[in-house]
Number of protein chains: 2
Amino acid sequence: MQTIDEIVSLMSSNGLRVTDQRRTLAKLFFETDGYLSPKDVYEYMGRTYSGLSFDTVYRNLRVMEELGVLEQVMFEEGVKFKLHCREHDHHHHMICLGCGKTYPIKFCPMEQTDVPSDFKVLRHKFEVFGHCQSCAAEEGAQ
Amino acid sequence: MQTIDEIVSLMSSNGLRVTDQRRTLAKLFFETDGYLSPKDVYEYMGRTYSGLSFDTVYRNLRVMEELGVLEQVMFEEGVKFKLHCREHDHHHHMICLGCGKTYPIKFCPMEQTDVPSDFKVLRHKFEVFGHCQSCAAEEGAQ
DNA sequence: TTACCTGCAAAGTATTTGCATGCCC
DNA sequence: GGGCATGCAAATACTTTGCAGGTAA
């Protein structure tokens, strides 16, 4: 797992300025083990930086994605970001639809998938969606 | 597999008018065994209907999706549509990144995925991306 | 005839870009 | 001090909605 300092020094070693906002952004993603939409990020950051503008959020999300710090995933509701997984083992995710938290799945289905010899596989996606314990409890309570 | 007439009568039995444009739309998706973006559809339809407007395309895509004729999937590049699979067996897809064609995968990874008892699974997604034979050949030729 | 369909225009929403000022290094 | 970062405003892209006239049933 990556620390905030590692993220920050990765930014500075790539010629990027380490601003307050970027440090906060790193902290936010470091402390969130789930997906965040640009809007989520804007709202969180907005609590600290009153004059914050959406375009800076987008710019920094993009910069951090290009740096490999964040990864971007498309959901039905739109784009979301999370810290790029540093685990070396290839893995997939269970994703909670309530809170967005993710949990790793070690098992990779590709090993057992019969692919015709004339189809050249480039990448694959395996995602399990549902509710984590606490979100399931909340659902039940409503 | 669904025929154009089946699609058309499904529309009419649901109180929808069977217009020329909708018939053409049904034909387009029937003949395309891959994903189409709203833009793809607009361009195809525009060849036949000169005054075509984008909003009608969107409206009809949405109507046909609500009817269960089409299914909608989010890609990195945006929303795309394809004929809803009529196969009764649960299955997944290999998707060609060149032409958008899809091929069924019978194997479902969920059977073999270890899910913690406190995570309540609602749905899952397994997609294999790559190039089909002819698109792989084209890639190689470039 | 009636209700739905269509095109047009405009409004929404999401995201990107140009520019002037400000701040990190 | 120099150059990247930021906020602002505006542009762009994508999608939806209201309305008036057209058309299937």
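A note on names: the letters A, B, ... follow the listed sequences, proteins ahead of strands, and every chain is numbered from 1. Reckoned from all heavy atoms, side chains included, excluding hydrogens, waters and symmetry mates. Model, not experiment: these values are computed from the prediction.
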Take B:His84 and B:Val69 through the side chain to side chain contact (heavy atoms under 4.5 Å, CB included) test and state the conclusion after the steps. CA-CA 5 Å; B:His84 192 285; B:Val69 174; 6.0 Å; no
May I have the distance from [X] (atom [atom1]) to [N] (atom [atom2]), rounded to whole angstrom?
| X | N | atom1 | atom2 | answer |
| --- | --- | --- | --- | --- |
| B:Met74 | D:dC14 | CE | P | 12 Å |
| A:Met45 | D:dA5 | CE | C1' | 12 Å |
| B:Tyr49 | C:dC8 | OH | P | 16 Å |
| B:Glu76 | C:dA14 | CD | P | 19 Å |
| B:Leu61 | C:dC5 | CG | P | 14 Å |
| B:Leu52 | C:dT6 | CG | C1' | 10 Å |
| B:Asn14 | D:dA24 | CG | C1' | 16 Å |
| A:Phe54 | D:dA11 | CZ | C1' | 17 Å |

When only distance counts, do a donor and an acceptor, one from the side chain of A:Asp55 and one from the base of D:dA9, lie under 3.5 Å apart?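 Result: at least one qualifying N/O pair found.
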What about B:Asn60, does its side chain sit under 3.5 Å from the base of C:dC5 through a donor-acceptor pair? no
Going by side-chain contact (heavy atoms from CB on, under 4.5 Å), B:Met11 matches just one of B:Glu6, B:Arg22, B:Arg23. Which one?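 Of the listed residues B:Glu6, B:Arg22, B:Arg23, the side-chain contact (heavy atoms from CB on, under 4.5 Å) partner of B:Met11 is B:Arg22.
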Specify the residue among A:Val57 and B:Leu16 whose closest nucleotide of DNA chain D lies further upstream toward the 5′ end.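 Nearest-nucleotide comparison on DNA chain D picks A:Val57.
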Assign each of B:Pro38 and B:Asp20 to its nearest nucleotide of DNA chain D by heavy atoms, then name whichever residue's nucleotide is nearer the 5' end. B:Pro38
Enter the distance from A:Gln133:CD to A:Lys101:NZ here, rounded to the nearest 0.5 Å.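 One finds 11.0 Å between CD of A:Gln133 and NZ of A:Lys101.
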Nearest 0.5 Å, what's the CZ-CZ distance between B:Phe126 and B:Phe107?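 Nearest 0.5 Å value for the CZ-CZ distance: 6.5 Å.
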Establish, with yes or no, whether the OP1 or OP2 oxygen of [N] is under 4.0 angstrom from a side-chain nitrogen or oxygen of [X].
| X | N | value |
| --- | --- | --- |
| B:Thr19 | D:dT23 | no |
| B:Ser53 | C:dG7 | yes |
| B:Gln21 | C:dG7 | yes |

Any chance you could lay out the ring-ring contact (aromatic ring centres under 6.0 Å, His included) test for B:Phe75 and B:Tyr35, step after step, and finish with the verdict? CA-CA 10 Å; B:Phe75 288 86; B:Tyr35 290 91; 5.0 Å; yes
Nearest heavy atom decides the nucleotide; on that basis, is B:Gly15 or B:Gly51 closer to the 5' end of DNA chain C?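 On the 5' side of the pair lies B:Gly15.
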Identify which nucleotide among [options] has an atom closest to any side-chain atom of [X], counting heavy atoms from C-beta outward.
| X | options | answer |
| --- | --- | --- |
| B:Arg22 | D:dA25, C:dC4, D:dG7 | C:dC4 |
| B:Tyr58 | C:dC5, D:dT15, D:dA5 | D:dT15 |
| B:Arg59 | D:dC8, D:dA5, D:dC19 | D:dC19 |
| B:Arg17 | C:dC8, C:dC4, D:dG2 | C:dC4 |
| A:Arg62 | D:dT6, D:dG7, C:dT16 | C:dT16 |

Distance-only polar pair, side chains of B:His124 and A:His92, donor-acceptor under 3.5 Å: no
